[in-house]
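All remarks here apply to the structure that follows.
Order of the sequence lines fixes the chain letters, A, B, ..., with proteins taken first and strands second; residue numbering starts at 1 for each chain.
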Amino acid sequence: MPELPEVETTRRGIRGALVGRTIQAFDLRESRLRWPVARKLAKELAGQRVLDVRRRAKYLLIDLERGTLIAHLGMSGSLRVMPATAARILHDHYDLVLDSGQCLRFNDPRRFGSLHWCTGDPAEHSLLADLGPEPFDGQFDAEYLAARARGRKVAVKLFLMDQHTVVGVGNIYASEALFRAGVRPRRAAGRIRRAEWQRIVEAIRDVLGDAIRQGGTTLRDYVNADGTPGYFRQELYVYERAGEPCRRCETPIRQFQQGQRSTYFCPGCQA
DNA sequence: ATGGGCACCTGGCTGC
DNA sequence: TGCAGCCAGGTGCCCA
């Protein structure tokens, strides 16, 4: 998916068009997302005003008057704001039609995305309840990571991608953050030194912040709320650069598999 | 608890 | 040109 920068870019892009508007209709054309979306949701949502659009981890939270929509973009999903009359294309799965004449439209070729309706506190929803801290929160620091990693044999890259450790870091930014921190992705989490955790914390914040400023990373499907791609791809140091010279030391970037995903690193820059 | 692997799905690219 | 095989921003769940 879209990792944290892409979800945050989407949030910022759709928020202005949604907040204060009233939902006129919920058009569901494909209910088979990661979990089935109930058709009866249309009846519930119609007439409700949008109070806010927030983000928790890689989930978008659309606060309405009587509850919250919890949306996930999966691997290939995107949410765009457009005229409700705009022609639908393949894989447009639902529209949230607003009283402004615009709609929020979800497109997701792989259908790994999801949509839940939550009355009550979304933080206590089963999808969100056990998530780790936000990377920009104060409680996410070297001490926290060191304590959590103690005794763990799992590779540090997989440890960082575990949403119980910290949220928002996916396959691209895990490789990129470890490059910036100078730490090899295969090292056991329990053997990372305090100074390295400190660098990892800073690297995660830096790379996510830089990516947000560039509107995220577009590999294939991802587009922002206005349909434009993210431009951070050109600033990647290692991701999808196997065999190419490191931008810092010229050593060829290496690639290998970790947890059925591709990992990239520079043997010259990362210890 | 921890670690590892699979499943869900479509589309684009590569190589025969 | 056709098609099989492989790969892709995630994550819940099942097994040892």
Side-chain angles (χ1 to χ4, degrees), chain A residues 1-11 29-37 55-60 70-79 89-93 106-116 125-132 135 147-177 185-191 204 207-208 210-212 214-224 229-236 238-243 255-264:
Chain A
M1 141 184 198
E3 305 182 37
L4 186 148
E6 293 73 38
V7 179
E8 179 60 21
T9 298
T10 297
R11 187 190 73 81
R29 86 181 326 213
E30 174 58 84
S31 63
R32 296 171 304 164
L33 301 186
R34 169 105 202 239
W35 291 280
V37 181
R55 179 189 58 73
R56 169 69 174 122
K58 300 174 191 173
Y59 293 93
L60 282 165
I70 302 175
H72 199 290
L73 303 179
M75 288 277 264
S76 56
S78 58
L79 279 166
I89 62 171
L90 192 62
H91 305 309
D92 279 345
H93 301 317
F106 181 63
N107 183 281
D108 184 9
R110 295 176 74 179
R111 285 192 274 123
F112 288 170
S114 64
L115 185 69
H116 285 86
H125 191 279
S126 59
L127 289 173
L128 308 186
D130 299 325
L131 293 173
R148 213 169 193 290
R150 192 162 300 134
R152 298 284 305 275
K153 293 179 184 163
V154 67
V156 61
K157 189 226 183 189
L158 297 177
F159 177 74
L160 294 175
M161 286 176 67
D162 181 346
Q163 303 298 296
H164 298 98
T165 303
V166 59
V167 301
V169 179
N171 201 40
I172 296 178
Y173 300 112
S175 280
E176 292 296 313
R186 243 185 298 236
R187 289 180 47 200
R191 308 185 81 161
I204 287 173
V207 73
L208 296 180
D210 288 350
I212 290 169
Q214 295 295 319
T217 301
T218 295
L219 297 181
R220 274 158 275 277
D221 306 293
Y222 176 75
V223 287
N224 189 359
Y231 298 110
F232 192 67
R233 191 178 189 176
Q234 57 206 64
E235 293 183 29
L236 299 174
V238 291
Y239 191 81
E240 284 196 331
R241 296 198 65 243
Q255 173 183 8
F256 67 100
Q257 297 296 117
Q258 250 181 333
Q260 300 94 234
R261 317 293 298 278
S262 281
T263 297
Y264 301 84

With rounding to the closest Å, how many angstrom separate the P atoms on B/dC9 and C/dC13?
15 Å

Can you classify the ring geometry of A/His72 versus A/Tyr59 as parallel (below 30°), tilted (30 to 60°) or perpendicular (above 60°)?
perpendicular

Which part of the nucleic acid does A/Asp221 contact within heavy-atom distance under 4.0 Å: base, sugar-phosphate only, or nothing?
base

Under 5.5 Å centre to centre and under 30° between planes: does that hold for A/Phe112 and the six-membered base ring of C/dT11?
no

For C/dT11, does OP1 or OP2 lie under 4.0 Å from any side-chain N or O of A/Lys58?
yes

Nearest whole angstrom, please: distance from the C1' of C/dA8 to the CD of A/Gln258.
17 Å

Point-to-point distance, once rounded to the nearest 0.5 Å, from CD of A/Glu240 to CZ of A/Arg233:
5.0 Å

Students often get this wrong, so: under 4.0 angstrom with heavy atoms, is A/Arg34 touching a base, only sugar-phosphate, or nothing?
base

Check whether any side-chain N or O of A/His164 sits under 4.0 Å from OP1 or OP2 of B/dT2, and answer yes or no.
no

Any side-chain donor near an acceptor of the partner, A/Gln257 and A/Ser262, under 3.5 Å:
yes

Would you say a side-chain N or O of A/Arg110 is under 4.0 Å from OP1 or OP2 of B/dG11?
no

For a quick check of understanding: with a heavy-atom distance under 4.0 Å over all strands, which category does A/Leu219 fall into, base, sugar-phosphate or nothing?
base

C/dT11 phosphate, OP1 or OP2: any side-chain N/O from A/His72 under 4.0 angstrom?
yes

Would you indicate what A/Gln260 reaches in the nucleic acid, counting non-hydrogen atoms under 4.0 angstrom: base, sugar-phosphate, or nothing?
base

What is the distance, rounded to the nearest whole Å, between atom CD1 of A/Ile172 and atom P of C/dG10?
7 Å

Distance test, side-chain N/O of A/Ser76 to OP1/OP2 of B/dG11, below 4.0 Å
no

Find the distance A/Trp35:CH2 to C/dT11:P and express it as a whole number of Å.
9 Å

Classify A/Arg111 by what it touches in the nucleic acid, base, sugar-phosphate, or nothing, heavy-atom distance under 4.0 Å.
sugar-phosphate

Would you mind classifying the nucleic acid contact of A/Leu33 as base, sugar-phosphate or nothing, using non-hydrogen atoms under 4.0 angstrom?
nothing

Just verifying a value: how many Å separate A/Asn107 CG and A/His93 NE2, rounded to the nearest 0.5 Å?
6.0 Å

Hits for side-chain contact (heavy atoms from CB on, under 4.5 Å) against A/Thr10, two or more places apart or cross-chain, chain-then-number order -> A/Ile14, A/Leu60, A/Leu73, A/Leu79, A/Tyr222

